Q: 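Sharing a structure below in structure tokens format, with a few things to ask.
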Amino acid sequence: MNVLFLHHPSLQPHTFEAHIQVLLQQWAMSTNGLYGSINDKQASTQPYRVLSMATNDGWLLQQVKLPAIIKKHHITHIVTPFAIKKASLVQRVIIYRKDVTTDTPCLFETPLPAGITATNTQLWSPANHLICKPYAWETAEQIRLNYTNGHLFFLAYSHGDATAYIALLKGFSGFKKWQHSSMYLILWISDTNIATIITEKLITYKYRDSVAIVTDGEALIPYAYAVISDGNTFTARLHAALAAKVPVLQQEHEYIVPGVTYYNTHEQTTLAKQMIYLYKSELQLTAFTSAGYNYNSSLPTIAQQVQAFDSFLS
């Protein structure tokens, strides 16, 4: 069997769509095959088990390109975020959503546009695949000395632009104003241009002495007081926080994950209030970390999902 993996052009790391890519890469290896791109000139001659293709043009893909691709590469299964009108050309179509987060299994799911019926779809949950190093007191002390003058810290990130990080700073301002604590805020900013903009903004920021910027915060996750994300996707980074028994603050959306505190990005005071809520109530903090850890522990591993995926395709 050969699988065609369709995805959006902006496949961001640590997202649910990236998790599917990891799953398919591992599955290809487990079947002694390769994972490659449809644009690879050797795609027709190499033993590719999975071919990936980035597209936003669902109509062009389905009406013009898809039949030719299926025939040329002997595609038997399609993993896609789009509704496939020519599903009869392959054995099975697996439809996923670009962004998924839920406390019940739902990796590949439908809704589909009216009039289109999906058959042979599979439900799946995100995998617990980002491994966090266990908490170590010595490391925690060193990290705090290096970044926050020895103080506790919130670790916040966004997939948005500089405006999104400014909103996070406003939330932190409310927290500092009401709480008067020594807590720091570490902004995890991978984009150097955004980091430069925020660095300039911090010059006039009232609480600038309590803010630090890092380009890679993955190693800091187990040592944060809480991890904050303004996105509406429950990413591998947030799963790592739950695995490390670190509470998560995230933008409100329709899916609910145990152990996560939600806030409304349209109300500037909501984030600050939720930060204070976790900071002041040790009982609530313990309840959230326990619920999040238990949820994360219940998720399947990549190896388990690879095996399930292979059984599903068989």
Side-chain angles (χ1 to χ4, degrees), residues 132-160 162-192 194-231 235 237-238 240-251 259-263 265 268-282 284-286 288-289 292:
C132 256
K133 293 182 179 180
Y135 183 93
W137 284 105
E138 301 82 359
T139 304
E141 184 177 359
Q142 192 61 51
I143 285 176
R144 290 169 190 162
L145 287 174
N146 290 344
Y147 296 101
T148 63
N149 292 320
H151 299 296
L152 298 172
F153 62 90
F154 292 105
L155 178 64
Y157 74 92
S158 172
H159 290 301
T163 304
Y165 283 96
I166 291 173
L168 291 171
L169 286 170
K170 289 180 179 178
F172 185 62
S173 292
F175 171 82
K176 295 289 279 188
K177 178 181 178 180
W178 294 334
Q179 201 57 42
H180 303 290
S181 78
S182 59
M183 185 77 72
Y184 266 63
L185 174 68
I186 296 182
L187 295 176
W188 180 354
I189 310 177
S190 303
D191 189 297
T192 54
I194 295 177
T196 299
I197 294 172
I198 297 302
T199 300
E200 293 175 353
K201 293 288 185 183
L202 287 176
I203 295 174
T204 57
Y205 182 63
K206 183 176 180 179
Y207 303 103
R208 58 185 175 276
D209 293 337
S210 297
V211 178
I213 296 176
V214 298
T215 56
D216 185 0
E218 199 163 292
L220 304 182
I221 291 175
Y223 305 100
Y225 188 84
V227 174
I228 303 171
S229 169
D230 67 350
T235 67
R237 292 174 178 176
L238 299 184
L242 297 185
K245 296 186 177 180
V246 173
V248 169
L249 283 161
Q250 193 181 18
Q251 173 188 340
V260 177
T261 302
Y262 294 94
Y263 69 95
T265 54
Q268 293 183 6
T269 60
T270 308
L271 175 57
K273 288 178 180 178
Q274 296 294 49
M275 293 167 78
I276 292 171
Y277 176 64
L278 285 180
Y279 182 76
K280 292 181 67 174
S281 177
E282 185 174 345
Q284 288 298 327
L285 182 70
T286 302
F288 273 99
T289 54

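Just so it is clear, the values below take in all heavy atoms, side chains as well, and ignore hydrogens, waters and symmetry mates. Predicted model only: the values in this text are computed from it and were never measured.
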Q: Which atom pair, heavy atoms only, marks the closest approach of Leu285 to Leu278?
A: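 The pair with the smallest heavy-atom distance is CB-O, 4.0 Å.
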
Q: In sequence, state the C-alpha distance, the side-chain angles, and the governing distance for Phe154 and Ile186, and then conclude on side chain to side chain contact (heavy atoms under 4.5 Å, CB included).
A: CA-CA 6 Å; Phe154 292 105; Ile186 296 182; over 6 Å; no

Q: With heavy-atom distances below 4.5 Å as the criterion, would you say the side chains of Thr192 and Thr215 are in contact?
A: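 In short, these two side chains do not touch, never coming nearer than 4.5 Å.
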
Q: Do side-chain atoms of Asp209 reach the backbone of Val211 as a donor and acceptor pair under 3.5 angstrom?
A: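 Flag not set: sc Asp209 to bb Val211 has no pair under 3.5 Å.
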
Q: Search all heavy atoms of Ala195 against all heavy atoms of Ile189 and return the closest pair with its distance.
A: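 Scanning both residues completely, I find the closest heavy atoms to be N-CG2, 3.6 Å.
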
Q: Under 3.5 Å, is there a donor-acceptor pair between the side chain of Lys176 and the main chain of Ser181?
A: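 Checking the backbone N and O of Ser181 against the side chain of Lys176, a donor-acceptor pair under 3.5 Å is found.
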
Q: Would you check if there is a donor-acceptor pair between the side chains of Tyr205 and Ser173 at a distance under 3.5 Å?
A: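 A donor-acceptor contact under 3.5 Å links the two side chains.
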
Q: Check for a donor-acceptor pair, side chain of Thr148 on one end and backbone N or O of Arg144 on the other, with a separation under 3.5 Å.
A: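 Checked: pair present.
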
Q: Any side-chain heavy atom of Lys273 within less than 4.5 Å of one from Tyr263?
A: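 Of all side-chain heavy-atom pairs linking Tyr263 with Lys273, none is under 4.5 Å.
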
Q: Got a second to check how far Leu152's CG is from Ser182's OG, nearest 0.5 Å?
A: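 So the gap between those two atoms works out to 6.5 Å.
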
Q: Specify the closest pair of heavy atoms between Leu168 and Ser158, including all atoms of both residues, with the distance to one decimal.
A: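 Looking at all heavy atoms of both residues, the closest pair is CD1-CB, 4.4 Å.
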
Q: Looking at CG of Leu145 and NE2 of His151, how far apart are the two atoms once the value is rounded to the nearest 0.5 Å?
A: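 With rounding to 0.5 Å, CG (Leu145) is 10.0 Å from NE2 (His151).
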
Q: Please report the shortest heavy-atom distance between Ala241 and Val248, naming the atom on each side.
A: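 Residues Ala241 and Val248, closest heavy atoms: CB-CG2, 3.8 Å.
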
Q: Closest heavy-atom contact between Ala212 and Tyr147?
A: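 Taking every non-hydrogen atom into account, CB-O, 3.8 Å.
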
Q: Do Val227 and Leu249 come close enough that some side-chain heavy atom pair is under 4.5 Å?
A: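 Answer no - side chains too far apart.
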
Q: Find out whether Tyr157 and Leu187 are in side-chain contact, i.e. whether some heavy atom of one side chain is under 4.5 Å from a heavy atom of the other.
A: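 No. Closest side-chain heavy atoms not under 4.5 Å.
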
Q: Test side chain to side chain contact (heavy atoms under 4.5 Å, CB included) on Lys170 and Leu271; report intermediate values, then the result.
A: CA-CA 9 Å; Lys170 289 180 179 178; Leu271 175 57; over 6 Å; no

Q: From Ser281 OG over to Ile276 CD1, what is the distance, rounded to the nearest 0.5 angstrom?
A: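 Taking OG in Ser281 and CD1 in Ile276, the distance rounds to 13.0 Å.
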
Q: Rounded to the nearest 0.5 Å, what separation is found between the CD1 atom of Ile197 and the CG atom of Leu202?
A: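 These two atoms lie 12.0 Å from each other.
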
Q: Within the side chain of Tyr165, is there an N or O that forms a donor-acceptor pair under 3.5 Å with the backbone of Trp188?
A: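 Between the backbone of Trp188 and the side chain of Tyr165 there is a qualifying donor-acceptor contact (under 3.5 Å).
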
Q: Check whether more than 12 heavy atoms from other residues, nucleotides or ligands sit under 6.0 Å from atom CD of Glu141, and answer yes or no.
A: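 At most 12 heavy atoms, drawn from other residues, nucleotides or ligands, come within 6.0 Å of this atom.
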
Q: For a quick test of reading the model, state the closest non-hydrogen atom pair linking Gly292 to Leu242 and the distance between them.
A: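 Taking every non-hydrogen atom into account, O-CB, 3.6 Å.
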
Q: Passes side chain to side chain contact (heavy atoms under 4.5 Å, CB included), Gln179 versus Lys280? Steps please.
A: CA-CA 9 Å; Gln179 201 57 42; Lys280 292 181 67 174; 3.6 Å; yes

Q: With no hydrogens and no angle check, just 3.5 Å: does a side-chain donor-acceptor pair link Asn149 and Tyr184?
A: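 There is such a pair between these side chains.
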
Q: Taking atom CG of Leu155 and atom CG of Leu185, what is their separation to the nearest 0.5 Å?
A: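 Output value for this atom pair is 8.5 Å.
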
Q: Are Phe175 and Tyr279, when compared by the centres of their aromatic rings, separated by less than 6.0 Å?
A: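 Between Phe175 and Tyr279, the centre distance is under 6.0 Å.
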
Q: After noting the C-alpha distance and the side-chain angles of Thr289 and Val246, does the key distance pass the side chain to side chain contact (heavy atoms under 4.5 Å, CB included) rule?
A: CA-CA 6 Å; Thr289 54; Val246 173; over 6 Å; no

Q: Supply the atom-to-atom distance Thr163 OG1 to Lys201 NZ, rounded to the nearest 0.5 angstrom.
A: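 The NZ atom of Lys201 is 8.5 Å from OG1 of Thr163, to the nearest 0.5 Å.
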
Q: Strictly distance-based, threshold 3.5 Å: is any side-chain N or O of Gln274 a donor or acceptor partner for the main-chain N or O of Tyr262?
A: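 Judged by distance alone, yes, a pair lies under 3.5 Å.
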
